[in-house]
Protein chains: 2
Amino acid sequence: MPSAKKTSVIKRNAADTALTGFAPMTSRSFERSLPMLLMRARDAVMQRFRPHLREHDVTEQQWRILRVLAEQHGIDMQSLAERSYIQAASLSRTIPLLEGRGLVERSPDPADQRRSRVSLSKAGRTLFDAMVQESAEIYAQLETEIGGPQLREIYRMLDGLIALDPGATAASDD
Amino acid sequence: MPSAKKTSVIKRNAADTALTGFAPMTSRSFERSLPMLLMRARDAVMQRFRPHLREHDVTEQQWRILRVLAEQHGIDMQSLAERSYIQAASLSRTIPLLEGRGLVERSPDPADQRRSRVSLSKAGRTLFDAMVQESAEIYAQLETEIGGPQLREIYRMLDGLIALDPGATAASDD
DNA sequence: TATTGTTATACTCTATAACTATA
DNA sequence: TATAGTTATAGAGTATAACAATA
């Protein structure tokens, strides 16, 4: 039941009381573990998108890659890794899969033979266009349910949390 | 730089404009993908906790298990899986590891031989008490940086997102 | 020597199904 | 027949380090 009050996710007991004597009045909210709630919130949102991703046989990670490629043609592997928040080693295994499906193309950078220039193929662009359209519709539905101002507030607060980690913030400052 | 404005995480270009024609005025925030921001926010928060977890040689998943066991003695595997948001199959592999370290004990449920009753051992309780104390301190530091009211607002909004997924909400209603 | 990208290794976690032993 | 838990399998992802080619 979506509307049920989740008051007892974590139950009070002796041990609990002992450990939260540290911050007695607000212990309840902290016991509900911020990372856990973030994980569950992400999962709840992804529920909306998973059927859509599966339908196109694209993993979450691959979708992140396609999105970066859609906005930056001929990006090198390292930059792609940073912008899609995927480890370079992981990317090296994933890109050939997308190449194999004809969604992605690579060519050596003429200015530096070490570098690859990764791009969306025509088929990749077509897939992306179709997917991003559906994705926008799911987002629009989300916004309807949550409310625009509320959703913008969520973005603002998530930015605040992300800014807690200087490393992560730096990665997004491009 | 934590204070830097992240205005250019996703760059505008022709392709971008094309795909976001769908919702022109608010496209920027939606392009910044809610699941992605939730993932990064969780990662940023976890950064604070990872050294603490590693120090005690406990994975994030194992920490979730310990927390559930700390508040519910003699829980069966299925309930433990639900409450810790871990797949039952994954739990079946993880619990023996914790047993091996002497942190967790299991005994068959006398009323139903199929069921296990999983509990924290004395050593497990000692570890939990030490870790939860440190964890509370990290949270307190987070609260100082973010601000109590702001943090409570974050919790409220995450609850809202989680409520979007009836399945996930049901799991937390215990 | 340093950098780009790939490969290797080991580990974590997920998802699904098959299996066992009880009920 | 149904349920609790385990095991098997495959896939997806992380994290590190070693490595080859190029700069």
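Numbers restart at 1 for each chain; the letters A, B, ... are given by sequence-line order, proteins then strands. Atom set for the values below is all heavy atoms of this structure, side chains included, hydrogens, waters and symmetry mates excluded.
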For B:Q61 and D:dG13, give me the distance from atom CD to atom P, rounded to whole Å.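 For the pair B:Q61 CD and D:dG13 P, the rounded distance is 17 Å.
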
Please work out if B:R117 contacts a base, only the sugar-phosphate, or nothing of the nucleic acid, heavy-atom cut-off 4.0 Å.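 It contacts nothing in the nucleic acid.
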
Could you label the plane-to-plane angle of the B:Y139 and B:F49 rings as parallel, tilted or perpendicular, counting under 30° as parallel and over 60° as perpendicular?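 B:Y139 and B:F49: tilted rings.
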
Whichever of B:E60 and A:D76 has its nearest DNA chain C nucleotide further upstream toward 5':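 Whichever sits nearer the 5' end wins; that is A:D76.
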
Do A:V45 and A:I138 land in one hydrophobic cluster if side-chain heavy atoms of ILVMFWY residues count as linked below 4.5 Å?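 A:V45 and A:I138: one cluster.
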
In terms of side-chain heavy atoms of [X], which of [options] is nearest?
{"X": "B:S92", "options": "D:dA23, D:dT6, D:dT16", "value": "D:dT6"}
{"X": "A:I86", "options": "C:dA15, D:dG5, D:dT14", "value": "D:dT14"}
{"X": "A:Q87", "options": "D:dA15, D:dA4, C:dA23", "value": "D:dA15"}
{"X": "B:M77", "options": "D:dT22, D:dG5, C:dA8", "value": "D:dG5"}
{"X": "B:D112", "options": "D:dA15, C:dT22, D:dT7", "value": "C:dT22"}

Taking only Lys NZ, Arg NE, NH1 and NH2, and the carboxylate oxygens of Asp or Glu, determine whether B:E60 and B:R42 approach each other closer than 4.0 Å.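 The answer is yes: the pair qualifies as a salt bridge.
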
For A:S33 and B:Y155, which heavy atoms make the closest approach, and how far apart are they?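 Minimum heavy-atom separation between A:S33 and B:Y155: C-OH, 4.3 Å.
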
Looking only at N and O atoms, is any donor in the side chain of B:R114 or the base of D:dT3 less than 3.5 Å from an acceptor on the other one?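 Indeed, a donor on one side and an acceptor on the other fall under 3.5 Å apart.
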
